[in-house]
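Lettering of chains follows the sequences in order, A, B, ..., and the numbering in each one begins at 1. Note that the structure is a prediction, hence the values are computed from the model and not measured.
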Amino acid sequence: MLFSKIFIPTLKEAPQEAEVTSHNLMLRAGMIRKVASGIYTWLPLGLKVLKNIENIVRDEMNASGAQEVLMPMVQPKELWLETKRWEKMGPELLRFKDRHERDFCLGPTHEEVITDLVRLNIKSYKELPINLYQIQTKFRDEIRPRYGVMRGREFLMKDSYSFGIDEKSLQDSYELMRKTYKNILEKIGLDYKIVKADSGAIGGDVSEEFHVLAENGEDTIAVSDSSEYAINTEVLLKNNESIDSLEGQPSPDGNGLIQIKKGIEVGHIFQLGKVYSENMKATVLSNQGNAETLFMGCYGIGVSRLVAAAIEQNNDDKGIIWPDAIAPFHINIISIGYEKNKLIKETSDKIYQDLSKMGYEILLDDRDLGYGSKIKDSELLGIPLNIVIGNKFVKEDLVEIKTRQGDSSLTKLDDLNEILDHYKNY
RNA sequence: CGGGGUAUAGCGCAGUCUGGUAGCGCACUCGCUUUGGGAGCGAGUGGUCGUAAGUUCGAAUCUUACUACCCCGACCA
């Protein structure tokens, strides 16, 4: 894409509304704009990243055997009455009436709708286990939305729900999702921890959170310094103990000492058991011909939150540093004098074509600006690799290859393929 | 909901104390010169100063009420 044509309204100065790094950078890089508190429009650059993450999530979910569906955002009161959540949930459940005075809510989650779907359409143990998921906009009227899309009211979430005939089936589904979530976070390229958690209001027995480690994380987690063990400090702390008192204590799993870290919760997996299926009478016939209540699990990933989390974990004072797998563009061709110098234009266009054919997402900065402006923007946007074509090319036949991390080298254009092979591990 | 803060051009700000009809930087438009770390000169565009009411000859400025947004807390997949 040509930089001069794509809609990326970057900001030189930090907007006063953003105090958190990822929020600040998403606004400055022209990824999002606010419509109301906790409600955002995604602009082309932000949307590309969002879609990249969404597609990784989708690929891994499909690979696990889960099937994609799309449920409505608007849900009728009647289903929520069945699980008693119409009364239990507070104002975070946004309720309204249609023109016939019938009550509805905006879906903050979809246990009711999915359980209704399954109980009406799955009748035999032979159709189980099944795992259905969607990637969809959720709405929760948070008490205090904050930090941009990190804690928005409207946000994109992948939520999936597994149904099985017995406890064993649930555990298998849970383990499969646990593995799938690890694959997703590793593929995106983030440093994370699986954290033992309080299952909270959703109910059920077993639950673990996936936290992306970052200094600005909202949650404080205790991790062992010598094992994989991690636990949410909310679970660990008893009567008025301070978080600091945990640091250096023996880890509860018996391995090493506790370290306190900050994390951003990007995923949560639950073994719900029969909580919802009992309330909603979701049963199938077993091989004995008996009606058996379904065992249910639910698994969420905050797709839009992952965008912010990735930035929180990967940035410097110049801007964003995207992991290759989710970068909006892999390579930025910084062409200095594009409109004025025919050789530079033709060479830039040629490289653009060649690299695009190789499967890279390419940005070509054709704007009538100097090197400084262009490299600053590229650094702000976090594009992993830059190819600079300017007067060094005209005079000495050299282009500069410069990574977002700061490595740079000059090379003849002939060597480009070889150089790029080095960065080809996307 | 409790506490704190902000609201003046697209963004960042000054002007408010001490009332006199709005300004700076960046961005944007046009022209010329520039082009390897956010270019220069010249000429321009853009604001009923968050909303409403009040005080006053006169309000961005004083008074009152309201709203929106941000931060801390409670809360939260």
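- Taking every heavy atom of residues 366-382 of chain A and every atom of RNA chain B, pairs under 4.0 Å involve A:D368, A:L369, A:G370, A:Y371, A:G372, A:S373, A:I375, A:K376, A:D377, A:E379, by number.
- Nucleic acid contact class of A:E209 (heavy atoms, under 4.0 Å, all strands): none.
- Nucleotides B:U63 and B:A68 place their P atoms 23 Å apart, quoted to the nearest Å.
- At least one side-chain nitrogen or oxygen of A:Y147 sits closer than 4.0 Å to the OP1 or OP2 atom of B:C72.
- Between A:I389 atom CD1 and B:U35 atom C1' the separation is 15 Å, expressed in whole Å.
- Classification of A:R146 and A:E19 as a salt-bridged pair fails, no side-chain N sitting under 4.0 Å from a carboxylate O.
- Taking for each of A:V399 and A:V20 the nucleotide of RNA chain B with the nearest heavy atom, the 5'-most of the two is the partner of A:V399.
- Proximity of A:R144 to the phosphate of B:C71: a side-chain N or O atom is located under 4.0 Å from OP1 or OP2.
- Proximity of A:R146 to the phosphate of B:C71: no side-chain N or O atom is located under 4.0 Å from OP1 or OP2.
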Quick one, A:Q67 with A:I130, criterion side chain to side chain contact (heavy atoms under 4.5 Å, CB included). Give me CA distance, side-chain angles, the key distance, then yes/no. CA-CA 8 Å; A:Q67 299 175 63; A:I130 191 168; 3.9 Å; yes
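- Within the shown strands, nothing qualifies as a pairing partner of B:U48 under the Watson-Crick or G-U definition with both distances less than 3.5 Å.
- Across all strands shown, the partner of B:C69 is B:G5, judged by Watson-Crick or G-U wobble contacts whose two distances both fall under 3.5 Å.
- Salt-bridge formation is detected for the pair A:E54/A:K51: a Lys NZ or Arg NE/NH1/NH2 atom is positioned less than 4.0 Å from an Asp or Glu carboxylate oxygen.
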